[in-house]
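Note sheet for the following structure.
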Amino acid sequence: MQFIHTYHSPVGSLTLSSDGTSLTGLWFEGQKYFGSTLEQDTQEKSLPIFQQVSHWLDCYFAGKHPEPNIPLAPVGSPFRQAVWELLLQIPYGRLTTYGAIAKQLQLQTGRSVSAQAVGGAVAHNPISILIPCHRVVGTSGSLTGYAGGLEKKIHLLRLEGVPSDLLRIPKADSIR
């Protein structure tokens, strides 16, 4: 059984999920792929892990840089797990590209990896914010692809102190 909890943040309600010990999900309300890894049988419950994550989020949204000491257990394929592991290595307030992650994976595995495949894994990240997929941008630095919405991505990056001149929003006709 999975347990869920709602956290009210400055960017809207977040749904947290847990197996009772680790965080298994964190989604923005209305996010693409919302609850994609949730089991059908869930129960709203107050758990120590939810208190720990709520405290972490309180610190994060207060503009502090909380230590990444939350036990995480995202559900996904080995490829997605490898991408999410690399996301965890992106420093607070820094950006990387889908292509750079693809190159890192290629170095680790010896197999060719496309930026598009990385983009798919990033989009399916079930633990937003803590696994910082918002720190990944397109090759030209454009803010393409964020399952929670570009306005939330911009908010999170500004909160982390990313200079506004690095936050390029793609033209509407280039988003498809």
Partner of S17 by side chain to side chain contact (heavy atoms under 4.5 Å, CB included), out of F3, F50, W27: W27
Short side-chain donor-acceptor distance under 3.5 Å, T6 and S13: no
Side-chain heavy-atom pair V113, F79 within 4.5 angstrom cut-off: yes
Salt bridge (charged side-chain N to carboxylate O under 4.0 Å, His left out) involving R80 - partner list, sequence neighbours excluded: none
Using residues 61-69 as the side-chain source, report each donor-acceptor pair under 3.5 Å to any protein atom, sequence neighbours left out, with the distance given to one decimal.
none

Inter-residue atom distance L23.CG - I70.CD1, 0.5 Å rounding: 7.5 Å
Separation of Q2 CD from T42 OG1 (nearest 0.5 Å): 7.5 Å
Short side-chain to backbone donor-acceptor contact, Y7 and V53, under 3.5 Å: no
Closest approach of V11 to H155 (non-hydrogen atoms, all atoms of both residues): CG1-CD2, 3.2 Å
Considering all heavy atoms, the nearest S128-F28 contact: CB-CE1, 3.9 Å
Shortest non-hydrogen contact from I49 toward S18: CG2-OG, 3.3 Å
Close side-chain approach of E44 to H5, heavy-atom, < 4.5 Å: yes
Connected via hydrophobic side-chain network under 4.5 Å: L72 and V75: no
Which atom of V122 lies closest to which atom of C133, heavy atoms considered: CG1-CB, 3.5 Å
Can you give the donor-acceptor pairs under 3.5 Å from side chains of residues 81-88 to other protein atoms, not counting sequence neighbours?
unit_1: Q81; atom_1: NE2; unit_2: P74; atom_2: O; d: 2.7
unit_1: W84; atom_1: NE1; unit_2: A121; atom_2: O; d: 2.9

Q43 side chain near M1 side chain, heavy-atom distance below 4.5 Å: yes
From H134 atom NE2 to L156 atom CG, the distance as rounded to the nearest 0.5 Å: 5.0 Å
Distance (rounded to the nearest 0.5 Å) between Q31 CD and L26 CG: 8.5 Å
CG on L143 to CG on L95, rounded to 0.5 Å: 8.0 Å
Ion pair R94/E160, N-O distance below 4.0 Å: no
Candidate pair I101 and T96, rule side chain to side chain contact (heavy atoms under 4.5 Å, CB included), full reasoning: CA-CA 8 Å; I101 293 171; T96 192; 3.9 Å; yes
Spacing of Q104 atom CD and T109 atom OG1 [to the nearest 0.5 Å]: 11.5 Å
Within-4.5 Å side-chain heavy-atom neighbours: L57 and L14: yes
Beyond-backbone contact of Y92 with R135, side-chain heavy atoms, under 4.5 angstrom: yes
Exceeds 12 heavy-atom contacts within 6.0 angstrom, atom CD of E29: no
Worked check of side chain to side chain contact (heavy atoms under 4.5 Å, CB included) between Y146 and V137: CA-CA 9 Å; Y146 191 61; V137 297; over 6 Å; no
